[in-house]
*Asks:* 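Sharing a structure, written as structure tokens. Questions coming.
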Amino acid sequence: MLLRPLASFWDVKEAECDRVMNLNVKGAFFAAQALTRHLRATGRAGRIINISSVHEDVAFPNFAAYCASKGAMRMLARTLAVELGPLGITINNVAPGAIETPINTALLNDSAKLGSLLKQIPLGRLGQPGDVAGLAAFLASDDASYVTGSTFVADGGLSVFYEEQ
């Protein structure tokens, strides 16, 4: 889903809000439920890793529904960590910042906005898909067997140095 800025909070239609919430929150909820049912039926432990966003915590004007959905994903992971932990199932979120993917095509093609954003990323670059994938791979590994209910940010330091433009 490509993010589309809205003129303001007041212009968001219920159908658009529902679409964002359905995809991000209900999708994660019911995917976790289906996996958990399968793991219980087969007597196995497992890992659930959701892709969230730095916008679990970082406000993003004109994207209220998106930010709310990502904040809900944070609480979903925390709550399910408590419920699923006794079953040996961990759940965590990976929260990317600005990653060089098609969702950021407009940004990549606007040198002024890109330059301004890069000044706010302490590592001085956009993330690459592999930066997110490596973190997810760690969370899926046995090395992360004692990690649950957390969000791990992959944003080059953006969320600790961010000012909306």
*Asks:* Before giving the answer on side chain to side chain contact (heavy atoms under 4.5 Å, CB included), spell out for Thr79 and Met75 the whole-Å C-alpha distance, their side-chain angles and the decisive distance to 0.1 Å.
*Replies:* CA-CA 6 Å; Thr79 302; Met75 188 51 70; 3.8 Å; yes
*Asks:* Would you mind reporting whether Asn50 and Val94 have side-chain heavy atoms less than 4.5 Å apart?
*Replies:*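 Heavy-atom side-chain distance check fails, nothing below 4.5 Å.
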*Asks:* Would you compute the distance between atom CG of Leu84 and atom CD1 of Ile48 and round it to the nearest 0.5 angstrom?
*Replies:*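 Between Leu84 CG and Ile48 CD1, I get 5.5 Å after rounding to 0.5 Å.
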*Asks:* Run the side chain to side chain contact (heavy atoms under 4.5 Å, CB included) check on Leu139 and Arg47 step by step: do they pass?
*Replies:* CA-CA 8 Å; Leu139 291 171; Arg47 309 267 187 275; over 6 Å; no
*Asks:* Show me, pair by pair, the donor-acceptor contacts under 3.5 angstrom made by side chains of residues 25-38, not counting sequence neighbours?
*Replies:*
residue : atom : partner : partner atom : Å
Gln33   : OE1  : Arg37   : NH1          : 3.3
Thr36   : OG1  : Ala32   : O            : 2.7

*Asks:* Verify the neighbour count for atom CG of Asp142: are there more than 12 heavy atoms of other residues, nucleotides or ligands below 6.0 Å?
*Replies:*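 No.
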*Asks:* Is there side-chain contact between Leu126 and Ile99, with at least one heavy-atom pair below 4.5 Å?
*Replies:*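 They are not in side-chain contact.
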*Asks:* Check whether Asn92 reaches the backbone of Ser150 with its side chain - one donor and one acceptor, N or O, closer than 3.5 Å.
*Replies:*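 Side chain of Asn92 to backbone of Ser150: a pair is present.
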*Asks:* Got a donor-acceptor contact below 3.5 angstrom from the Asn104 side chain to the Glu100 backbone?
*Replies:*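 Not confirmed, Asn104 side chain does not pair with Glu100 backbone.
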*Asks:* The test is side chain to side chain contact (heavy atoms under 4.5 Å, CB included); show your working for Phe9 and Asn62 and say whether it passes.
*Replies:* CA-CA 6 Å; Phe9 159 78; Asn62 300 317; over 6 Å; no
*Asks:* Looking at Asp110 and Ala106, would you say the former's side chain and the latter's main chain have a donor-acceptor pair under 3.5 Å?
*Replies:*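 A pair under 3.5 Å: no.
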*Asks:* Look at the aromatic rings of Tyr66 and Phe63 and report parallel, tilted or perpendicular, splitting at 30° and 60°.
*Replies:*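 The rings of Tyr66 and Phe63 stand perpendicular, inter-plane angle above 60°.
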*Asks:* Any side-chain donor paired with an acceptor under 3.5 Å for Ser52 and Asn93?
*Replies:*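 The answer is no; no qualifying pair exists.
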*Asks:* Give a yes or no answer on whether the side chain of Thr105 reaches the backbone of Pro102 with a donor-acceptor pair at less than 3.5 Å.
*Replies:*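 Checked: pair present.
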*Asks:* Assess whether side chain to side chain contact (heavy atoms under 4.5 Å, CB included) is satisfied between Ile89 and Leu39, documenting all intermediate values.
*Replies:* CA-CA 9 Å; Ile89 301 169; Leu39 292 173; 3.9 Å; yes
*Asks:* Is any side-chain heavy atom of Leu114 closer than 4.5 Å to a side-chain heavy atom of Leu118?
*Replies:*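 Of all side-chain heavy-atom pairs linking Leu118 with Leu114, at least one is under 4.5 Å.
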*Asks:* I'd like to know if the side chain of Ser116 and the backbone of Lys113 have a donor-acceptor N/O pair within less than 3.5 Å.
*Replies:*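 Side chain of Ser116 to backbone of Lys113: no pair is present.
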*Asks:* Salt bridge (Lys or Arg N to Asp or Glu O under 4.0 Å): which pairs involve residues 54-63, sequence neighbours left out?
*Replies:*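 Matches after skipping sequence neighbours: Glu56-Arg74, Asp57-Arg74.
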*Asks:* Is the shortest side-chain heavy-atom distance between Thr90 and Tyr146 below 4.5 Å?
*Replies:*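 When only atoms from C-beta onward are counted, Tyr146 and Thr90 do not touch, as no gap falls below 4.5 Å.
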*Asks:* Restricting to non-hydrogen atoms, name the atom on Arg78 and the atom on Gly149 that form the minimum distance, rounded to 0.1 Å.
*Replies:*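 Here Arg78 and Gly149 meet closest at CG-O, 3.5 Å.
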